[in-house]
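Only one structure is covered here, and it is reproduced in the block below.
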Amino acid sequence: MDIGERPGGTLMKDRILHNWHPTRWLQLGASLMFLFAGLSRYDGVAHFASAFFGVQAIFNVGCCGQSACAPRSGTMPTGKGQKDIQYEEIH
């Protein structure tokens, strides 16, 4: 396994350099905005916000990230081992 390779088989370099969608660009813009605000006003909170949005943009993590809230893909297996569901009516 190479350095930076994940068990899924993708390198971290691919994760950083590819799949830049509008949300990632927006997060990067917010990060730069907070960075400049923090540098001009010496504000620690703005530096924290810059780091927060910057990490989300660069590594594509967060609730809107690549796999954080993604729905399950695929279908349920069919065939043997699958049982019919039986319902009971309760009065």
Side-chain angles (χ1 to χ4, degrees):
M1 189 182 298
D2 289 339
I3 295 175
E5 188 174 356
R6 296 184 10 216
T10 60
L11 293 173
M12 187 58 72
K13 179 177 71 172
D14 292 336
R15 186 171 186 176
I16 293 171
L17 297 177
H18 295 83
N19 196 21
W20 278 84
H21 45 80
T23 305
R24 283 182 81 178
W25 286 108
L26 186 66
Q27 288 171 337
L28 184 64
S31 173
L32 293 174
M33 180 187 69
F34 280 116
L35 178 66
F36 291 132
L39 290 175
S40 66
R41 297 184 180 143
Y42 305 105
D43 186 10
V45 175
H47 288 292
F48 175 77
S50 174
F52 177 75
F53 285 114
V55 166
Q56 282 188 342
I58 292 172
F59 296 111
N60 198 19
V61 294
C63 187
C64 298
Q66 186 170 339
S67 62
C69 296
R72 294 183 188 180
S73 61
T75 58
M76 293 183 63
T78 58
K80 62 181 180 179
Q82 187 175 9
K83 297 179 182 178
D84 290 336
I85 299 174
Q86 296 180 1
Y87 297 98
E88 280 185 38
E89 187 173 327
I90 301 174
H91 295 284

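Positions are given from 1, in the same order as the sequence printed here.
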Quiz item: What's the shortest heavy-atom distance between W20 and A57, and which atoms?
Solution: CH2-O, 3.6 Å
Quiz prompt | A37 versus A46, closest heavy-atom pair with distance | solution = C-CB, 4.4 Å
Quiz item: Going hydrophobic residue to hydrophobic residue with side-chain gaps under 4.5 angstrom, can you get from F34 over to F52?
Solution: yes
Quiz item: In chain order, what residues pass the side chain to side chain contact (heavy atoms under 4.5 Å, CB included) check against L26, with sequence neighbours excluded?
Solution: none
Exercise. Any chance you could lay out the side chain to side chain contact (heavy atoms under 4.5 Å, CB included) test for I58 and Q27, step after step, and finish with the verdict?
Key: CA-CA 9 Å; I58 292 172; Q27 288 171 337; over 6 Å; no
